[in-house]
Amino acid sequence: MRPSFLVIGGQRCGTTTIFKVLSQHPQLARPPVEKGTDYFTLHYSRGMSWYRSQFSLAATARARAYGHGDAVAFEACTYYLFHPLAIPRLANDLPDVKLVAMLRDPVERAYSAYKHEFARGFDVADTFDEALELEDSRLEGEVERILADPDYESIPHRHHAYRRRGQYAEQLRRVLDHFPREQLHVMDSELFFADPQRELADLLGFLGLEAWSPGSIEQHNARPGTSMSPQARARLTEHYASHDAELAQLLGRQPGWRS
């Protein structure tokens, strides 16, 4: 199958939860192994045949969806929204695909990402404050390296962009430079977890899927830990003020964490 829609991010914004919820919908066929293939970021040189091989056979998906409408394939990859080449590649190969972006308070997202990367061994900075200090030097020249060598995998760009991944407006503008607005659905993590059934119904309507509701919706992949330092919180809150204002202008509404 070819995917009809993709959950493109952002990282640590609730995408694992929405992926697991959508995977229960009778019409939907997820990749059998992982929630995402990372094809448009890390494996693009393998070609479209490899990408198609990551999805279910059409006959299998149709059997599961029987009585509920057409079977629909999808994947979720949180790096697609941030990687500089993913969206142009998507527009070239899947111009009609629908895209779903889940956003979260960027201050909380940044700290959650640090805890996640530190726990998995991708970051050796002992504190979040140290990781923020290191971010600019770690990422210096990495976007240029990615653009110069499409097969290059940047560990700093993928795992250490705590502050930059929360600059949502610039990432969504890249999406809208390549896709019409009606193919993009932006969700707020805060609103989703406050009223998941309503937000899910809106998403299913956007995707053109049969109305459906799971028995319950549980938050997945949360990363508990100690509180963020006041210094880091103040620094990030100031940093994101202008970025959130740009996002509100782009969306035509205040993001959930501001309202």
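Worth saying up front: this structure is predicted, and the values here are computed from it rather than measured.
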One pair to check against salt bridge (charged side-chain N to carboxylate O under 4.0 Å, His left out): Glu238 and Arg235. What are the steps and the verdict? CA-CA 5 Å; Glu238 180 181 4; Arg235 176 180 181 181; over 6 Å; no
Roughly how far, to the nearest 0.5 Å, is the [atom2] atom of [Y] from the [atom1] atom of [X]?
X	Y	atom1	atom2	result
Arg145	Leu147	CZ	CG	11.5 Å
Glu210	Trp212	CD	CH2	10.5 Å
Thr41	Glu153	OG1	CD	8.0 Å
Asp123	His116	CG	NE2	12.0 Å
Leu42	Asp151	CG	CG	10.5 Å
Trp50	Ser45	CH2	OG	9.5 Å

Using the test side chain to side chain contact (heavy atoms under 4.5 Å, CB included), find all partners of Arg173 that sit at least two apart in sequence or belong to another chain. Ala169, Glu246, Leu250
Does [Y] offer a backbone N or O that forms a donor-acceptor pair with the side chain of [X] under 3.5 Å?
X	Y	value
Ser189	Cys13	yes
Thr237	Ala234	no
Gln27	Val72	no
Arg233	Leu236	no

I need the minimum non-hydrogen distance between [X] and [Y], along with the two atoms involved.
X	Y	result
Ala161	Arg109	O-NH2, 3.7 Å
Leu81	Arg174	O-NH2, 3.2 Å
Pro95	Phe179	O-CE2, 3.7 Å
Ser229	Asp129	OG-OD2, 2.8 Å
Ala29	Met1	CB-SD, 4.3 Å
Pro3	Val97	O-CG2, 3.9 Å

For residues 98-107, run the donor-acceptor check on the side chains, cut-off 3.5 Å, and write out each pair with its distance to 0.1 Å, sequence neighbours left out.
{"from": "Lys98", "atom 1": "NZ", "to": "Phe206", "atom 2": "O", "distance (Å)": "2.6"}
{"from": "Arg104", "atom 1": "NH1", "to": "Arg12", "atom 2": "O", "distance (Å)": "2.8"}
{"from": "Arg104", "atom 1": "NH1", "to": "Ser112", "atom 2": "OG", "distance (Å)": "3.4"}
{"from": "Asp105", "atom 1": "OD1", "to": "Val107", "atom 2": "N", "distance (Å)": "3.0"}

Just checking [X]: does its [atom1] atom have more than 12 heavy atoms from other residues, nucleotides or ligands closer to it than 6.0 angstrom?
X	atom1	value
Asp70	CG	no
Glu34	CD	no
Glu182	CD	yes

Please evaluate residues Asp96 and Arg2 with respect to the criterion salt bridge (charged side-chain N to carboxylate O under 4.0 Å, His left out), reporting the C-alpha separation (whole Å), side-chain torsions for both, the decisive distance (0.1 Å), and the verdict. CA-CA 11 Å; Asp96 298 324; Arg2 292 169 64 96; over 6 Å; no
In this structure, would [X] and [Y] fall into the same cluster of hydrophobic residues linked by side-chain contacts under 4.5 Å?
X	Y	result
Leu90	Tyr39	yes
Val7	Leu172	no
Leu251	Met187	no
Leu209	Phe19	yes
Leu28	Ile8	no

Using a 4.5 Å cut-off on heavy atoms from C-beta on, say whether the side chain of Thr60 contacts that of Arg64. no
Side chains of Glu130 and Leu134, heavy atoms from C-beta outward: is any pair under 4.5 Å?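 Yes; the side chains approach each other to less than 4.5 Å.
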Show the numbers, then the answer: is there a side-chain contact (heavy atoms from CB on, under 4.5 Å) between Leu85 and Tyr44? CA-CA 10 Å; Leu85 293 176; Tyr44 196 64; over 6 Å; no
Passing option when Ser213 is tested against Gln197, His25, Gln24 for side chain to side chain donor-acceptor pair (under 3.5 Å):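 Answer to the side chain to side chain donor-acceptor pair (under 3.5 Å) test with Ser213 among Gln197, His25, Gln24: Gln197.
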Knowing that exactly one of Gln11, Arg165, His157, Arg158 qualifies, which makes a side chain to side chain donor-acceptor pair (under 3.5 Å) with Tyr79?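 Considering Gln11, Arg165, His157, Arg158, a side chain to side chain donor-acceptor pair (under 3.5 Å) with Tyr79 is found only for His157.
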Side chain to side chain donor-acceptor pair (under 3.5 Å) involving Ser154 - partner list, sequence neighbours excluded: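 So Ser154 forms a side chain to side chain donor-acceptor pair (under 3.5 Å) with Glu142.
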How about [X] and [Y]: are their ring centroids closer than 6.0 Å?
X	Y	value
Tyr51	Phe55	yes
Tyr168	Trp257	yes
Phe118	His159	no
Tyr114	His160	no

Working for salt bridge (charged side-chain N to carboxylate O under 4.0 Å, His left out), residues Glu190 and Arg258: CA-CA 10 Å; Glu190 288 78 9; Arg258 289 283 180 177; over 6 Å; no
Taking atom types as modelled and ignoring hydrogens, do the side chains of Gln54 and Thr37 form a donor-acceptor contact shorter than 3.5 angstrom?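 Side chains of Gln54 and Thr37: no pair found under 3.5 Å.
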Under the side-chain contact (heavy atoms from CB on, under 4.5 Å) criterion, do Leu139 and Arg163 qualify, and how do the steps go? CA-CA 11 Å; Leu139 270 67; Arg163 186 177 64 252; over 6 Å; no
Test side-chain contact (heavy atoms from CB on, under 4.5 Å) applied to Tyr162 and Glu135, step by step: CA-CA 7 Å; Tyr162 304 118; Glu135 181 170 335; 3.7 Å; yes
In sequence, state the C-alpha distance, the side-chain angles, and the governing distance for Phe5 and Gln183, and then conclude on side-chain contact (heavy atoms from CB on, under 4.5 Å). CA-CA 9 Å; Phe5 74 92; Gln183 285 177 232; over 6 Å; no
Parallel, tilted or perpendicular, as decided by the 30° and 60° cut-offs, for the rings of Tyr240 and His243: perpendicular
